[in-house]
Amino acid sequence: MRKVITYGTFDLLHAGHINLLRRAKELGDYLIVVVSTDKFNWEQKQKKCYFSYEERKKLVEAVRYVDLVIPETSWEQKISDVKEYHVDVFVMGDDWKGKFDFLKEYCEVVYLPRTEGISTTKIKQDLGIIGTSSQDDDQ
Ligand code: C2G
C-alpha cells in the first residue's frame, strides 16, 4: 500500500484545499493529513483559526480522499511521522517548494501547484472580516 502524507491548517476548508487533497491521494492508496493544532498554529505560524482543531479535523476527515487525520504539534515531527507511518510520498502545495527537501532521504517529496484565486485569507477579506492589506498567510 502506497502511503501519502501532507500537512496543513485547513481553516475554512475550501476548493484549494480539496484540490490539494484530491491530487495527493492520486499519488498513492492511503492519505494521511496532519492538521495543525491551535497551539501550533498560533505559536509557530501566528495563525488564528476560525475553526478549532477538533472542528478542522472533523471537516478534513469528511473529505473522501482522506484516510487518517493526526495532529501537527511541531515543525520537527515530519521525519518521525514518515518513519512511523511508513510513508512513501510527502506532498505540499508549491508555496512550500524546497522547504521540505530534507525529507527526500526518507520518501519522495512532491510539491503541487497551488489553486489560484482562493485562500482562507481571501475569504476573510471578501467577507470584510479582515482588511485587504493583510498578508496572505494562507499557504
Ligand atoms: N493550498 C493550495 N491552494 C490554495 C491554498 C492552499 O494548494 N489556494 C495548499 C497549501 O499549499 C498546503 C495545503 O493546501 O499544501 C494546506 O494549506 P494551509 O491550510 O494554508 O496550510 P499551511 O499554513 O501552509 O501549513 O508543516 C506545514 C504546515 O502545516 C503547512
Side-chain angles (χ1 to χ4, degrees):
M1 178 165 60
R2 189 166 158 82
K3 298 175 87 173
V4 184
I5 198 166
T6 191
Y7 293 69
T9 302
F10 298 101
D11 195 26
L12 300 183
L13 198 63
H14 56 66
H17 296 137
I18 301 302
N19 287 342
L20 188 285
L21 295 173
R22 173 177 50 73
R23 288 174 294 159
K25 183 59 175 284
E26 286 168 358
L27 296 172
D29 312 294
Y30 187 90
L31 176 59
I32 301 164
V33 184
V34 193
V35 174
S36 314
T37 61
D38 298 327
K39 183 172 186 293
F40 177 70
N41 263 319
W42 181 246
E43 291 180 359
Q44 301 299 323
K45 297 194 256 181
Q46 290 70 50
K47 278 190 171 186
K48 184 157 178 25
C49 292
Y50 179 80
F51 288 125
S52 70
Y53 168 74
E54 285 307 322
E55 290 166 319
R56 289 181 285 115
K57 177 175 188 280
K58 205 173 290 178
L59 285 163
V60 173
E61 282 173 340
V63 175
R64 67 171 62 191
Y65 311 116
V66 177
D67 297 288
L68 174 67
V69 175
I70 59 174
E72 178 179 33
T73 56
S74 78
W75 291 112
E76 293 74 33
Q77 72 182 78
K78 293 182 175 65
I79 292 175
S80 55
D81 288 347
V82 167
K83 288 179 176 174
E84 181 181 347
Y85 290 93
H86 308 292
V87 167
D88 301 286
V89 192
F90 169 89
V91 176
M92 286 301 292
D94 62 4
D95 44 306
W96 290 94
K97 193 167 181 58
K99 298 287 193 309
F100 302 115
D101 287 356
F102 63 89
L103 289 169
K104 286 181 177 174
E105 194 179 331
Y106 305 97
C107 63
E108 288 175 49
V109 174
V110 176
Y111 300 103
L112 297 171
R114 276 171 62 87
T115 302
E116 293 308 319
I118 183 135
S119 71
T120 304
T121 302
K122 187 178 183 311
I123 293 170
K124 291 175 184 173
Q125 287 170 341
D126 291 355
L127 291 173
I129 296 166
I130 59 175
T132 51
S133 60
S134 308
Q135 174 70 26
D136 187 349
D137 66 352
D138 179 3
Q139 304 296 335

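All ligand and atom numbering here is 1-based and tracks the order in the structure. Note that these values count all heavy atoms, side chains included, but never hydrogens, waters or copies made by symmetry. Owing to the predicted nature of the structure, the values given are computational and were not obtained by experimental measurement. Residue numbers run from 1 in the order of the sequence given.
The ligand atoms of ligand 1 that sit less than 4.0 angstrom from a heavy atom of Gly93 are 11 (O), 15 (O). Atoms of ligand 1 found under 4.0 Å from any heavy atom of Asp95 (numbered from 1 in listed order, with element): 10 (C), 11 (O). Near His14, the atoms of ligand 1 lying under 4.0 angstrom from a non-hydrogen atom of the residue are 5 (C). Each of the following atoms of ligand 1 lies closer than 4.0 Å to a heavy atom of Phe10: 16 (C), 19 (O). The atoms of ligand 1 that sit less than 4.0 Å from any heavy atom of Lys78 are 26 (O), 27 (C). Close approach to Trp75 involves these atoms of ligand 1, each under 4.0 Å from a residue heavy atom: 26 (O), 27 (C). Atoms of ligand 1 lying under 4.0 Å from at least one heavy atom of Thr9, given by number and element, are 18 (P), 19 (O), 21 (O), 23 (O), 25 (O).
Between His17 and His14, the angle of the ring planes stays under 30°, which puts this pair in the parallel group of the 30/60° scheme. Taking the six-membered ring for Trp and thresholds of 30 and 60 degrees, Trp75 and Phe40 have ring planes more than 60 degrees apart, a perpendicular arrangement.
Annotation: Tyr7 places no N or O atom under 3.5 Å from an N or O atom of ligand 1; distance criterion only. Residue Ile118 has at least one N or O atom closer than 3.5 Å to an N or O atom of ligand 1. Considering backbone and side-chain N/O atoms, Trp96 comes within less than 3.5 Å of an N/O atom of ligand 1.
Remark: Tyr53 pairs with no residue by the side-chain hydrogen bond (donor to acceptor under 3.5 Å, both in side chains) rule, at least two apart or across chains.
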Applying side chain to side chain contact (heavy atoms under 4.5 Å, CB included), run through Tyr111 and Phe100 and close with a yes or a no.
CA-CA 9 Å; Tyr111 300 103; Phe100 302 115; 3.7 Å; yes
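Of the candidates Glu72, Lys122, Lys99, Arg23, Glu72 brings a heavy atom nearest to atom 26 (O) of ligand 1.
Ion pairing between a basic and an acidic side chain is recognised when a charged N comes within 4.0 Å of a carboxylate O; Glu61 and Lys57 show such pairing. Contact check on Glu108 versus Arg2 returns a salt bridge, with a Lys/Arg side-chain nitrogen under 4.0 Å from an Asp/Glu carboxylate oxygen. Ion pairing between Asp38 and Lys48 fails under the 4.0 Å rule for side-chain N and carboxylate O.
For the pair Arg56 and Thr37, the tightest heavy-atom approach, listed with the atom from each and the gap, is NH2-C, 3.8 Å.
Judged by distance alone, the side chains of Asn41 and Thr9 do bring a donor and an acceptor atom under 3.5 Å apart.
Ligand 1 lies within reach of Ser36, whose nearest heavy atom is under 4.0 Å from it. Lys47 counts as a contact of ligand 1, since one of its heavy atoms falls under 4.0 Å from the ligand.
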